[in-house]
**Student:** 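Take this structure, written in structure tokens, and hold onto it; I'll ask about it next.
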Amino acid sequence: MPQLPTPVYAGLLLRSVPAPVRRDAHVALGMLAPWGHVTPQLVQDTGGGVADHDLHVDGRLVQLPYRLSHPWPSSARTARQNRRAQTVLAAWMTRSDRAGTRQRAVRELFASDEPWTAPFVVALCGEYVYEIGADVLGFVCGDLVRRDDLRAAYARFLRDNPSFLAVLRRRAVSFRDLDHRWPHRDEPGRIYPQLAALDALGMLAYGGPVPVPEIEGPAPRHALMSTNGAGPG
């Protein structure tokens, strides 16, 4: 019997996009419903929270889930939905617990001109899997530069969420040493792709590296725990 997303689960996903997008997010949520063989579940952080960070996108509060465990729906199913609903689905899939799914999802987001997609892309700079970081770096230094409106949207997001960016940088610094698959880990002079992407984003928003506000306490433990089950699967 199909297991539909619970109201709590649906609420977590809906809150990850701004209010004007939620009608299409409901459509995207419907794409998840038929997969009864999988129980949808967001991974909570060690503090019991269900959102990775409170963020602001053009003045609207959103909360990105840390991880979700769900396969991508079939192309036949997604093709029947409108473009924005497909984009919402891709945004959610950037939070997948499978690296291959995250990479596929962010590559789809690169083609979107929706300003609210920025946090989903930027958040990947604070995670492991250097190939994904390299993809984000290539996008920021290439395609994004040529898209004035989207570039401005990213700049606004970066300036409006300095604490989030500080957390991402601290995570990226940690993962540089933990990402055993990165071939340049033992070369001190090589910059980790995620850190290079954050530097490029800082240039975009500030004309220099991303400012790093003072944040007390150790790096979020659940970020380090996310290496469990790492791999491009």
Side-chain angles (χ1 to χ4, degrees), residues 16-17 42-43 45 52-53 55 62 64-72 86-112 114 116-145 147 150-151 153-154 157-158 161 164-187 190-205 209-210 219-220 222-233:
S16 70
V17 298
L42 289 175
V43 178
D45 65 29
D52 202 22
H53 211 284
L55 303 173
V62 298
L64 266 61
Y66 176 58
R67 281 286 181 263
L68 64 88
S69 179
H70 222 291
W72 207 303
Q86 293 178 28
T87 301
V88 170
L89 178 67
W92 290 342
M93 289 299 173
T94 66
R95 310 311 305 149
S96 171
D97 59 2
R98 296 187 62 83
T101 299
R102 296 196 300 276
Q103 185 173 42
R104 172 186 171 184
V106 77
R107 288 177 174 178
E108 290 202 10
L109 286 193
F110 293 157
S112 174
E114 299 270 11
W116 56 266
T117 61
F120 291 94
V121 175
V122 174
L124 292 169
C125 294
E127 301 187 358
Y128 60 98
V129 185
Y130 72 90
E131 295 95 335
I132 298 177
D135 283 350
V136 175
L137 176 61
F139 168 69
V140 172
C141 294
D143 194 27
L144 184 60
V145 174
R147 295 158 68 180
L150 189 63
R151 185 177 71 247
Y154 270 73
F157 171 73
L158 296 165
N161 299 277
F164 180 61
L165 296 180
V167 170
L168 295 183
R169 179 169 289 279
R170 290 174 49 174
R171 291 176 180 170
V173 169
S174 297
F175 284 129
R176 187 204 182 283
D177 297 326
L178 291 172
D179 192 347
H180 61 88
R181 295 179 57 257
W182 187 44
H184 306 294
R185 189 176 70 165
D186 297 326
E187 301 175 33
R190 297 295 291 265
I191 186 168
Y192 195 47
Q194 281 84 331
L195 288 169
L198 285 171
D199 287 343
L201 287 165
M203 289 292 294
L204 182 153
V210 175
H222 67 273
L224 302 180
M225 290 172 63
S226 66
T227 53
N228 292 340

**Student:** Are R102 and R67 close enough that some pair of their side-chain heavy atoms sits under 4.5 Å apart?
**Tutor:** yes
**Student:** Mind checking salt bridge (Lys or Arg N to Asp or Glu O under 4.0 Å) for R147 and listing every partner two or more places apart, or none if nothing turns up?
**Tutor:** D113, D143
**Student:** If you define the side chain from C-beta out and look only at heavy atoms, does anything of T87 sit under 4.5 Å from L109?
**Tutor:** yes
**Student:** Distance-only, no hydrogens or angles: does the R185 side chain make a donor-acceptor pair with backbone N or O of R176 under 3.5 Å?
**Tutor:** no
**Student:** Please name the pair of heavy atoms, one in P193 and one in A134, separated by the smallest distance, quoted to 0.1 Å.
**Tutor:** CB-N, 3.5 Å
**Student:** With side-chain hydrogen bond (donor to acceptor under 3.5 Å, both in side chains) as the test, would you mind laying out the steps for W72 and T101 before giving the verdict?
**Tutor:** CA-CA 8 Å; W72 207 303; T101 299; over 6 Å; no
**Student:** Suppose we screen for salt bridge (Lys or Arg N to Asp or Glu O under 4.0 Å). Which residues come up paired with D135, at least two apart in sequence or across chains?
**Tutor:** R107
**Student:** Within the 4.5 Å heavy-atom criterion, are R190 and W182 side-chain neighbours or not?
**Tutor:** yes
**Student:** Taking C-beta and beyond as the side chain, do W116 and V88 meet within less than 4.5 Å on heavy atoms?
**Tutor:** yes
**Student:** Can you label the angle between the F164 ring and the F157 ring as parallel, tilted or perpendicular, going by 30° and 60°?
**Tutor:** perpendicular
**Student:** Is there a donor-acceptor pair under 3.5 Å between the side chain of S112 and the backbone N or O of E108?
**Tutor:** no
**Student:** Check whether any side-chain heavy atom of Q194 lies under 4.5 Å from a side-chain heavy atom of E127, and answer yes or no.
**Tutor:** no
**Student:** One pair to check against side-chain contact (heavy atoms from CB on, under 4.5 Å): Y154 and V122. What are the steps and the verdict?
**Tutor:** CA-CA 9 Å; Y154 270 73; V122 174; 4.0 Å; yes
**Student:** Measure the shortest side-chain to side-chain distance between V106 and F120 over non-hydrogen atoms and say whether it is less than 4.5 angstrom.
**Tutor:** no
**Student:** Do V121 and F110 come within less than 4.5 Å of each other through their side chains, counting heavy atoms only?
**Tutor:** yes
**Student:** Please tell me if the side chains of R169 and D199 come closer than 4.5 Å, counting only heavy atoms from C-beta onward.
**Tutor:** yes
**Student:** Could you tell me which non-hydrogen atom of A172 sits nearest to which non-hydrogen atom of L195, and how far apart they are?
**Tutor:** CB-CD2, 3.6 Å
